[in-house]
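Everything on this sheet refers to the single structure shown next.
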Amino acid sequence: MPKPLIGLTTYLDPAAWGVWQLPAALLPEGYPRLVQAAGGLAALLPPDDPALAAEAVARLDGLVVAGGADVDPRRYGAEPGPRTGPPAPLRDAWELALIDAALAAGTPLLGICRGMQLLNVARGGTLVQHLDGHTGGPGVFAEHSVKPVPGTRYAQLVPEQTEVPTYHHQAVDRLGTGLLASAHAEDGTVEALELPGSWALGVQWHPEMGEDTRVMAGLVAAASATAG
């Protein structure tokens, strides 16, 4: 059976390599590596016209919405706080359209960090614009414990309490319509959420920075079943 094709959203940022310093569509290597380790084929999706999102999703077996810049608070009816970063309007519009298209098509969807937050916003939820104590300092990942909610899809994938790689700046505040919190940190922060009745899961941490492939393997298995 062919490996399922998993789309990964990307940043649009300046980058340097060799003699070049140019705008680039890029993504940390951990994301495609995790897809590959879980048995999928990785395809990078740079921001594009939101009107093409359904066409893009139709060619995929699964979708990962990756971490990155803060979601523009205006997307959920709030004004930017003093510690909220600059918006990424092209990326916000593209990824929200991809999420809507994936949910409409029943394409398995995994949101990571920002991707989980966008899933919540796409369903009408809101975000906490800044958290303290969930990083190891600027550019340094920390670890903390995440406890699953019994009976959820996440708990089926990872039934025990685990230590996960974290770099939290923003987080879920009010859950979006139909979404269920499926894991929490010790301080109550929503660490995973899902949409019952579909394969749509978000995690607040960064599995691409660790060795545990179970969440991504769940997406790849669902994508393979859908493709088959």
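- Counted within 6.0 Å of CH2 on W17, heavy atoms from surrounding residues, nucleotides or ligands total more than 12; the atom is thus considered enclosed.
- Other residues, nucleotides and ligands contribute over 12 non-hydrogen atoms within 6.0 Å of the CD atom of E160.
- A distance of 11.0 Å separates CG of N120 from CG of L195, quoted to the nearest 0.5 Å.
- T166 contributes atom OG1, which lies 4.5 Å from atom NE2 of H144 (distance to the nearest 0.5 angstrom).
- Across every non-hydrogen atom of R174 and G124, the tightest pair is NH2-O, 2.7 Å.
- A distance of 8.0 Å separates OH of Y31 from OG1 of T9, quoted to the nearest 0.5 Å.
- Heavy atoms only, all atoms of each residue included: C113 and G67 are closest at CB-CA, 4.2 Å.
- D173 places no side-chain N or O within 3.5 Å of a backbone atom of V128 that could act as its donor or acceptor partner.
- From L60, atom CG reaches atom CG of L109 across 11.0 Å, with rounding to the nearest 0.5 Å.
- Considering only heavy atoms from C-beta on, M116 comes within 4.5 Å of L193 through its side chain.
- Between the CG atom in L63 and the CG atom in L110 there is a gap of 9.0 Å [rounded to 0.5 Å].
- In this structure, the separation between CG on D61 and CG on L41 is 9.0 Å, given to the nearest 0.5 Å.
- Contact check for S182 versus Q156: no side-chain heavy atoms found under the 4.5 Å cut-off.
- Using a cutoff of 4.0 Å between basic side-chain nitrogens and carboxylate oxygens, D92 and R114 are scored as salt-bridged.
- Formation of a donor-acceptor pair under 3.5 Å by the R83 side chain with backbone atoms of Q129 is not found in this model.
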